[in-house]
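Chain A is the first sequence line, chain B the second, and so forth, proteins listed ahead of strands; every chain is numbered from 1.
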Amino acid sequence: MEAETDRTAPDEAAERYDPREIERRWQRIWEAESTWVVPNPGAPEFDESKPKNYVLEMLPYPSGEPHVGHLKCYSVGDAIAHFRRRRGYNVIHPMGYDAFGLPAENNAIGTGQHPREATEQSIASFKEQFMRWGISLDWTREISSHEPSYYRWTQWIFLKLHEHGLAYREEAPVQWCPVDATVLANEQVIDGHCERCGSLVEQRKLEQWFFRITDYADRLLEDFGLLESWPEHVVTMQRNWIGRSEGAEVVFHQDDLDLDFNVFTTRPDTLFGATFFVLAPEHPDVEGLAAGTEQEQAVRDYVNESARTSTEDRASEDRQKTGVPLGRSITNPVNGERIPMFVADYVLMEYGTGAIMAVPAHDERDFAFAKAFDLPIRQVVKPADGEVNPDEPYVAHTDDEVLVNSGEFDGLSSPEAIERITSWLRDKDLGEPAVNYRLRDWLVSRQRYWGAPIPFVHCEKCRLVPVPEDQLPVLLPDIEDYAPKGQSPLAAATDWVNTECPKCGGPAKRETDTMDTFVDSSWYFLRYLDPRNEDAPWGPDAADYWMPVDQYIGGVEHAILHLMYARFFCKALSDIGYLDVQEPFINLFAQGMITRDGAKMSKSRGNTVSPAEFVDRFGADTTRTYICFMGPPVKGGDWNDQGVEGVYHFLSRLWRVSREVDARTDGAAEPPESAELGGDARELYAKAHWAIDKVTRDIEPRFHFNTAIAAVMELVNDIYKRKDGLYGDPAGDAAVRFATATAAELIFPFAPHLGSDVFELLHGERVWERQWPEADPALLRRDTFPLVVQVNGKLRDRIDADSGASDEELLELARASEKVRAHVDGKQVVKEIVVPGKLVNLVVR
RNA sequence: GCCGGAGUGGCGGAAUUGGUGAUACGCGCGGCACUCAAAAUGCCGUGUCCUUCGGGACAUGUGGGUUCGACUCCCACCUCCGGCACCA
């Protein structure tokens, strides 16, 4: 058996689609000829006749090997890049690595392997895969955020933000893991527990660095208007995250201590319904207020206990409201009423002023607290036409309700009252309109090793001093021990830490915190534009030409943080004067997640798909095309091994028929004259044009790659169906050859190697150097069409009709049909509907 | 609880603005050809039920509605997925 198979093997190999060989060949050509390298304006090869287009996929975090999610992202992006190149755009399509980050460092703690080493191994494996996938990337622009030539400019941007008051240092509560003795990044805290050791996370107060993103809250909201195409839900998620709410700040006076307390409320119309007042346990005045009252000890106990309770537990949904009285009361400014004060952990220090007026009748949380502590509930808003259920708070506020128990404001509608009461407060200097945000400033410092050092020194004399620009980068030193010890591992690098103050020359210590990796990825799309510039992060000409990104592609998991941080950077850099765009990503495409057996892929579940394995077995073209064929890329899809084989089968059919067509027809390179074609030749030729039209519209603007690929499959099926009847006839040969070359052109964005190969065979040209084909409208129009005839909306017949037929002629045809007559005879036709080119509907009674 | 998205054959999915047989294309399944045989390849068939083989009835989560006509629009409900969640 073995021997027999071996004897036939060479022959068979020649007859088989062998992606390995084809893909290697084209990849070598692209690399040798720098096919996808695109020069900047000013460079000798720069083509100024073409409009620019920036196609960008989110850069990967290099860890291990790329997974299917990466393959999907880059397959989708590459299809768009290819398509736009061939539509006449000057396309920039770069790649890089988000190389700093915790997994590499955590790995180092266990193995002692330097994070740089592990990261660079992963980068090499990612790059090798990207090459084997045949993604059309300009590798001369490759960057990695862990290289000093990159993070030098991350540090430079940090200094610029600081210079313009957008970076500052302040004491703030941070997540602290008591077992690992380290500060954790928010992403490392899973359900209130440490990602690594699982212990309960505590809050501690430490000096931290922040970026003042809250200054940009309104612009981040307004500028959604500048975007062309972003998924609705991503915009909504960001909007919710920013959480802008309008209302008023109201001043309550506390007589005993002669203190003013401001509260923020969105419901100033309910001010008369405030029956108590609550401070967050962290509020700085809590201790002073309780001091000397009989509540002093109880308050102290409560505050200590809530400090020990994790944020997660405090926020858990069905937890009973807790709190204790402060032993003091405070005056409601609108009616002079003295209401009791409480401390309770349902009030958050981070939002508003950390103090609230409680209106139990009209707020669910205040209501729950009032019920638990038996406090009065006073209704001040009621529906214009009826009563309210006293067992629940009444929270609606519309025009259809009126104020009661509110003194001079009785009878006003809720929206009116908001306005009147707010201006009344302002006149009396007791409050003013105010806006509050859920968004907080961005905490960017991490007590971690594997990140860009924050370029500051602490001098005993001059305190906090920025490292001068000409001393950048502040290099990340090599260290021995990555284990967390309560401060950044960098603190142990004493040679590095001890330095001179750039200002006074005296002894100083370096800042040992590093930056959140989201900082690195907030500007990488700018560095691609001018990656080897040693004098600036990017040249203004490069940025002016290429920005903004015309199409950004990535997973929806970055819908909030990365995308919002990058938007903030773009605006800040623009304000500072280094950029001329307000929004970095004009169009965003969020791809759906690929599952396997209906579940998210994970190592623990054992249902991961290794792209490398499929690329080895079926080739990159098949694997990429399969991913695009699974369903619309916005949606998720379930990986199916047999589906991959189906696509392999399809590409094999195209490959095989191309060899046959080349052998059986002569080099009719140019499209046939459609006027000379008849019968099957014309049908096939028209089918090719139908496919051109379909694929073109499905790729853009729809991004429905699955139906585009299905259209090419239909074309290939049609070639198989008609080819044998066309060979030999000159017009027939031309039609078959044209149709097959067209199938290659159309599949090229998804299967670039095979597309190039088949096109070269039949046409002798490089497919990527040609313009994208255009469908001939004359061939899309058919001479006849199947007229659908309905009676009372039910289909009764289908008749070939002339495309140019008038409404009356169509009706004649319909009435003449035997099948129709069977349903119409003996009845009265009450209505006749004609949709030209489509159908006739006879309504009978 | 609030905000999104989605429910179509055995499976992934298609139907682009309410108008060409709902289910393109692919998978799976069945059959045929080639073969000693298998694989590979090519071709044909494949929603469900009924059928006198002409065709007929029913089918897009459920129930209503609008319309000559609804997968598509409206109302109510059910299920699933994603995000946010004591934000005053």
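- Nucleotide B:U48 has B:A57 as its partner under the Watson-Crick or G-U criteria, with both atom distances under 3.5 Å.
- By the 4.5 Å heavy-atom criterion applied to side chains, A:I339 and A:I330 are counted as neighbours.
- Checked by atom type, the side-chain pair A:N240/A:R438 shows no donor-acceptor distance below 3.5 Å.
- Of all nucleotides listed (B:A88, B:G26, B:G69), B:G69 comes nearest to the side chain of A:N841.
- A:S245 comes within 4.0 angstrom of sugar-phosphate atoms only, judged by non-hydrogen atoms across all strands, and of no base.
- Residue side chain A:K694 reaches the base of B:U16 through a donor-acceptor N/O pair under 3.5 Å, judged by distance alone.
- Among the protein residues, A:R440 comes within range of the nucleic acid bases, having at least one heavy atom under 4.0 Å from a base atom.
- The nearest whole Å value for the distance from the CE atom in A:M593 to the P atom in B:G82 is 7 Å.
- When the C1' atom is compared between B:A38 and B:A33, the two are found 15 Å apart, to the nearest whole Å.
- Residue A:R653 is classed as a sugar-phosphate contact, given heavy-atom separations below 4.0 Å to backbone atoms only.
- Separating the C1' atom of B:A85 from that of B:C2 is a span of 8 Å, rounded to the nearest Å.
- Separating the CZ atom of A:F629 from the P atom of B:A14 is a distance of 10 Å, rounded to the nearest angstrom.
- Between the CG atom in A:L439 and the CE atom in A:M564 there is a gap of 5.0 Å [rounded to 0.5 Å].
- Separating the C1' atom of B:G56 from that of B:G19 is a span of 24 Å, rounded to the nearest Å.
- No side-chain donor-acceptor contact under 3.5 Å links A:S245 and A:N436.
- Checking the phosphate oxygens (OP1, OP2) of B:C68, a side-chain nitrogen or oxygen of A:K831 falls inside 4.0 Å.
- Closest to the A:T266 side chain, of the nucleotides B:A15, B:G42, B:A88, is B:A88.
- Pairing partner, B:C80: B:G5, with both Watson-Crick or wobble hydrogen-bond distances short of 3.5 Å.
- Taking atom CG of A:D638 as the reference point, atom P of B:G28 lies 16 Å away to the nearest angstrom.
- With a cut-off of 3.5 Å on both pairing distances, B:U16 has no Watson-Crick or G-U wobble partner at all.
- When the P atom is used for both B:C29 and B:U20, the distance is 34 Å, rounded to whole Å.
- The interatomic distance linking A:E249 (CD) with B:A88 (C1') rounds to 12 Å, in whole Å.
- Remark: the separation of the C1' atoms in B:A14 and B:U35 is 38 Å, to the nearest Å.
- Each of B:G26, B:A57, B:C27 was ranked by its minimum atom distance to the side chain of A:H649; first place goes to B:C27.
- Within 4.0 Å of A:G646, counting heavy atoms only, lie sugar-phosphate atoms of the nucleic acid but no base atom.
- Looking at which nucleotide of RNA chain B each of A:L842 and A:G631 is closest to, the 5′-most match is held by A:G631.
- Using atom P as the reference point in both B:U52 and B:C43, the two lie 34 Å apart (nearest Å).
- Here A:Q790 lies in heavy-atom contact (under 4.0 Å) with a base.
- One distance of note links NZ of A:K721 with CD of A:E714; it measures 10.0 Å at 0.5 Å rounding.
- Spacing between atom CD of A:E645 and atom P of B:G28 amounts to 7 Å, rounded to whole angstrom units.
- As a whole-Å value, the separation of A:D797 CG from B:U20 P is 16 Å.
- If you check the side chains of A:Y720 and A:E660, you find no donor sitting under 3.5 Å from an acceptor.
- Pairing for B:G26 goes to B:C11, judged as Watson-Crick or G-U wobble with the two contacts each under 3.5 Å.
- Going from the C1' atom of B:U60 to that of B:U51 covers 26 Å, rounded to whole Å.
- Nearest nucleotide to the A:R702 side chain, out of B:G19, B:U16, B:A14: B:U16.
- Shortest non-hydrogen contact noted between A:P633 and A:K72 is O-NZ, 3.2 Å.
- Taking only side-chain atoms of A:R656, from C-beta outward, the nucleotide of B:U41, B:U20, B:C43 with the closest atom is B:U41.
- Candidate nucleotides B:G13, B:A57, B:A88 were compared by shortest atom distance to the side chain of A:R796, and B:A57 ranks first.
- Of the two residues near RNA chain B, A:N717 and A:M237, the one whose nearest nucleotide lies more 5' is A:N717.
- Checking B:A88, B:C84, B:G42 against the side-chain heavy atoms of A:R438 singles out B:C84 as nearest.
- With rounding to the nearest 0.5 angstrom, the CG atom of A:L425 is 6.0 Å from the CG atom of A:L430.
- Among the atoms of the strands shown, none is found under 4.0 Å from any heavy atom of A:F650.
- Side chain of A:V347, nearest nucleotide from B:U41, B:C3, B:A88: B:A88.
- Pairing for B:G63 goes to B:C75, judged as Watson-Crick or G-U wobble with the two contacts each under 3.5 Å.
- Side-chain proximity of A:K321 to the nucleotides B:G4, B:C86, B:G26 is greatest for B:C86.
- For B:G64, the O4'-C1' to base torsion is more than 90° from 0; the nucleotide is therefore anti.
- The nearest whole Å value for the distance from the CG atom in A:N240 to the P atom in B:C2 is 14 Å.
- In this structure, B:C32 forms a base pair with B:G42, meeting either the Watson-Crick or the G-U wobble geometry with both donor-acceptor distances under 3.5 Å.
- Checked against a 6.0 Å centroid threshold, the rings of A:F369 and A:F342 count as neighbours.
- Applying the 90° criterion around 0 to the glycosidic angle, B:G54 comes out syn.
- The separation of B:A22 from B:U48, taken at their C1' atoms, amounts to 14 Å, rounded to a whole angstrom.
- Rounding to whole angstrom units, CG of residue A:L780 and C1' of B:U16 are separated by 15 Å.
- Residue A:V843 has its side chain nearest to B:C68 when only B:G56, B:A24, B:C68 are considered.
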